[in-house]
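Residue numbers run from 1 in the order of the sequence given. Small disclaimer: the values here were computed from a predicted structure and weren't measured.
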Amino acid sequence: MRSRPFASLVASALLALGSLAAAPSAALAQQNPVQALNQSLFGLIPDARRSDTVLLPAMSKLEAPPPILGQQSALVIPADAPSFAALSAWAQGQPQREAIDAVMKVTAVDNWRTAFVFALRYGADEVEPERVIDGLYVDLGDPPLLAAARFGYLDRMGTLFDLLHVEVTRLMAQDEPQKAAELVIRSMILARQLLDRAYYPEHELGYRAVLAGLGRLIDVQYLDARSEAPKLTPEFHRETAARLANGGFMAIDRIALPVGELAAARQIVDRAFDSAGRPSRETFAIELSRVAASTRPLRAFSEQAKWQALADAQADRAGTLDKVKGIADDWKLRWAFSARGELPRTDVALESQSLDRARFPIIDAVVPAAEVLFDLRQRVVVELIGARTVFAVGGFFARHRTYPPILDATSPTFIRAIDRDPLDRSANPRPLEYDRGRDGVYVAGAEVQLSPSSALGRFAPKGVADFAAPLVNVGYTLYSAGPDNIRHGGSRATQGQPGVEGDYLIHPPVLSLIRQHLRDSGQLR
């Protein structure tokens with residue numbers, strides 16, 4: 001049976017879950033919310049397209065990585081670092097090779113219409129017993145409560161992404177940049193599968209892994225171009241730019257907001273309110289204390305007294321469901337605009353940000369601060385456009401041995417059309433800012449201020465302070481206006497950090513500059 005595209009399944013899920021808010025209690029009682037969520041998201045996915053059944057058995061066998069990965073990022077540790085021998089040995093171990101092979105299998109299709117889906121169901125009752133034994137599942141407790149979700153597989157998934165980046169470094173050390181670039185793209189295809197999941201933590205890891213992949217892909221291109229004998233051909237540059245095109249495997253406009261937390265809020269309302277529509281103090285306290293203590297179960301009893309007191313101020317059933325629906329509608333409207341970099345009325349807080357927490361403690365406890373996902377998706381859009389442009393410029397250089405005088409010179413040979421800067425909100429948005437200096441050599445003293453933590457997030461090396469990176473023999477600079485919509489000449493890279501003035505540096509790649517800084521400052525271990 002040929003299933004519908006997964007994006008349409010997400011849309012169906014939104015409609016189905018949205019209808020629960022207005023459904024009478026009797027109808028809710030007849031439908032198990034956990035089963036409804038699983039069915040709406042994964043019910044039409046054939047077993048042959050499930051990546052979780054391939055990945056999770058391999059992930060369960062992964063050996064613990066060397067301790068260095070708890071201190072520095074796998075993205076920036078070079079092959080000549082003292083610690084890389086241990087990382088290389090780990091990456092070549094049999095369990096790790098099997099995990100990499102599993103990734104290659106489930107990312108072989110990059111057409112979103114027929115690609116694999118990470119269709120791990122939610123709850124212990126919905127997964128194979130082996131997953132419960134190894135802990136690689138989403139635990140909802142007993143009885144299952146969507147708001148009490150604990151994501152047992154996410155840490156191991158993070159280790160898997162680290163493994164892939166260690167393997168990328170090994171391939172680069174073996175002078176195989178094309179294989180390295182392909183593995184980076186496969187890591188992004190895997191990360192993209194997390195963005196079709198139901199919950200906020202899954203989306204956050206997915207976005208951060210995509211961003212890490214895009215940064216690493218530019219890093220691989222940069223390192224190859226600077227080598228004595230570059231291996232990436234003009235044709236490879238052109239093909240890579242095409243793979244990163246809008247509507248490709250990333251299909252950014254098809255990523256919906258997570259629906260799990262909204263469904264969780266509705267489930268708690270159904271369970272914790274009495275027939276008169278008021279919160280039942282005892283049930284309310286039991287259910288909400290489970291949520292608050294979902295990662296530390298022994299705290300559940302100490303939480304109950306607090307939630308009993310909060311129940312008295314909680315709005316009634318109708319008011320709470322109206323507020324959940326209002327948050328969902330607000331998210332949906334702004335999400336549609338933010339996909340084009342046109343977030344409307346940025347001076348007005350999100351509905352969830354202006355929440356009366358005393359009147360809606362259920363929503364405060366369950367519904368996340370989704371504005372972080374807005375920021376992450378906008379960064380992905382910027383990095384995707386940046387990566388396409390880098391490979392177009394790199395293709396021009398690989399063919400002509402000089403950088404294009406202007407970006408337009410790369411089109412249509414290496415890129416179909418020059419993208420506009422998605423963070424330029426002027427009436428006539430310009431392309432990304434491109435400057436090749438004087439044959440790639442910048443004036444003495446030219447440098448860029450970098451903030452590694454804001455640039456890499458979860459994948460950043462620990463304890464590396466902001467620093468200034470000199471721009472010497474970097475070929476060219478490419479940057480976006482940044483979230484403040486002001487071009488600062490590429491002198492400060494904030495990488496989309498909200499509320500901080502600065503540009504969004506694309507090239508030279510931030511990863512390469514951080515790696516060089518760690519080497520120059522003696523911080524590589």
Inset, instruction - Step by step, work out the side chain to side chain contact (heavy atoms under 4.5 Å, CB included) result for D520 and F467. - result: CA-CA 12 Å; D520 293 344; F467 67 95; over 6 Å; no

Inset, instruction - Before giving the answer on side chain to side chain contact (heavy atoms under 4.5 Å, CB included), spell out for I77 and T169 the whole-Å C-alpha distance, their side-chain angles and the decisive distance to 0.1 Å. - result: CA-CA 8 Å; I77 300 174; T169 303; over 6 Å; no

Inset, instruction - Could you walk me through whether S480 and R379 pass the side chain to side chain donor-acceptor pair (under 3.5 Å) test, one step at a time? - result: CA-CA 10 Å; S480 162; R379 285 186 58 189; over 6 Å; no

Inset, instruction - Would you please test I68 and F84 for side chain to side chain contact (heavy atoms under 4.5 Å, CB included) and show each step? - result: CA-CA 9 Å; I68 186 64; F84 192 75; over 6 Å; no

Inset, instruction - Apply the test side chain to side chain contact (heavy atoms under 4.5 Å, CB included) to residues L146 and Y199: give CA-CA distance (whole Å), side-chain angles for both, the deciding distance (0.1 Å), then the verdict. - result: CA-CA 10 Å; L146 290 172; Y199 280 88; 3.3 Å; yes

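Tested against V76 for a side-chain contact (heavy atoms from CB on, under 4.5 Å), the candidates L513, V510, I514 yield a single pass: I514.
Distance alone, capped at 3.5 Å, places no donor-acceptor pair between the R50 side chain and the L120 backbone. When atom types are taken as modelled, the side chain of E126 and the backbone of G123 share no donor-acceptor pair closer than 3.5 angstrom. Side chain of Q267 to main chain of P144: a donor-acceptor pair is present (N/O by atom type, distance under 3.5 Å, no hydrogens or angles). Between the side chain of Q221 and the main chain of A387, no donor-acceptor pair closer than 3.5 Å is present. Using modelled atom types, one side-chain atom of R186 and one backbone atom of M104 make a donor-acceptor pair closer than 3.5 Å. Remark: side-chain polar atoms of E204 are not paired, donor with acceptor, to backbone N or O of V372 under 3.5 angstrom. Judged purely by atom type and a 3.5 angstrom limit, R266 has no side-chain atom pairing as donor or acceptor with the backbone of P33. Within the 3.5 Å criterion, the main-chain N or O of D375 finds no donor-acceptor partner in the side chain of R377. With hydrogens and angles disregarded, no donor-acceptor distance shorter than 3.5 Å links the side chain of W90 to the backbone of L163. Although no hydrogens or angles enter the test, the distance criterion places no donor-acceptor pair under 3.5 Å between the side chain of R170 and the main chain of S88.
Looking at heavy atoms from C-beta onward, M188 lies out of side-chain contact with R216 at the 4.5 angstrom threshold. You'll find the side chain of D134 stays beyond 4.5 Å of the side chain of R156, heavy atoms only. Under the 4.5 Å side-chain criterion, counting only non-hydrogen atoms from C-beta, R197 is in contact with Y122. Using a 4.5 Å heavy-atom threshold, the side chains of P508 and L505 count as touching. With contacts defined as side-chain heavy-atom distances shorter than 4.5 Å, the pair Y153/D52 does not qualify. Put simply, the side chain of D125 does not reach to within 4.5 Å of the side chain of V34, judged on heavy atoms. Counting heavy atoms from C-beta outward, P258 and L373 have side chains that approach closer than 4.5 Å. Using a 4.5 Å cut-off on side-chain heavy atoms (C-beta onward), V117 and S51 make no contact.
Between R131 and T53, the side chains place no donor N or O within less than 3.5 Å of an acceptor N or O (distance only, hydrogens not considered). For the residue pair Y137/E128, the side-chain donor-acceptor check at 3.5 Å is not satisfied.
A cation-pi arrangement is absent between R290 and W307, since the terminal nitrogen or guanidinium carbon is not both under 6.0 Å from the aromatic centre and inside a 45° cone about the axis.
Among all heavy-atom pairs drawn from L56 and L136, the shortest one is O-CD1, 3.7 Å. The minimum heavy-atom distance linking L62 with P95 is given by the pair CD2-O, 4.2 Å. Residues Y504 and E383 share a closest heavy-atom pair of OH-OE2, 2.8 Å. Residue A469 comes nearest to L450 through the heavy atom pair CB-CD1, 4.3 Å, listed as atom of the first residue, atom of the second, then distance. Scanning both residues, G213 and V184, for their nearest heavy atoms gives O-CG1, 3.0 Å. Taking all atoms of both residues into account, the shortest heavy-atom contact from A328 to L262 is CB-CD1, 3.7 Å.
Distance check, rounded to the nearest 0.5 Å: CZ of F236 to CG of D224 gives 9.0 Å. Considering CD of E182 and OG of S187, their distance stands at 10.0 Å, rounded to 0.5 Å. Rounding to the nearest 0.5 angstrom, the gap separating the CG atom in L524 from the CD atom in Q516 is 9.0 Å. Within the model, atoms OG1 of T389 and CG of L432 stand 5.0 Å from one another, a figure rounded to the nearest 0.5 Å. Going from atom CG of L257 over to atom CD1 of I327 covers 12.0 Å, rounded to the nearest 0.5 Å. Separation of atoms OH (Y207) and CZ (F374) is listed at 9.0 Å; rounding is to 0.5 Å.
Salt bridge annotation for R519-D80: present, with a cationic side-chain nitrogen under 4.0 angstrom from a carboxylate oxygen. Between D219 and R515 there is a salt bridge, with a side-chain nitrogen of the basic residue lying less than 4.0 Å from a carboxylate oxygen of the acidic one. A salt bridge links R97 with E167: the closest approach of a Lys/Arg side-chain nitrogen to an acidic carboxylate oxygen falls below 4.0 angstrom.
The aromatic rings of Y476 and H507 sit parallel, their planes meeting at an angle under 30°, below the 60° perpendicular limit. By the 30° and 60° cut-offs, the orientation of the rings of H165 relative to F459 is perpendicular.
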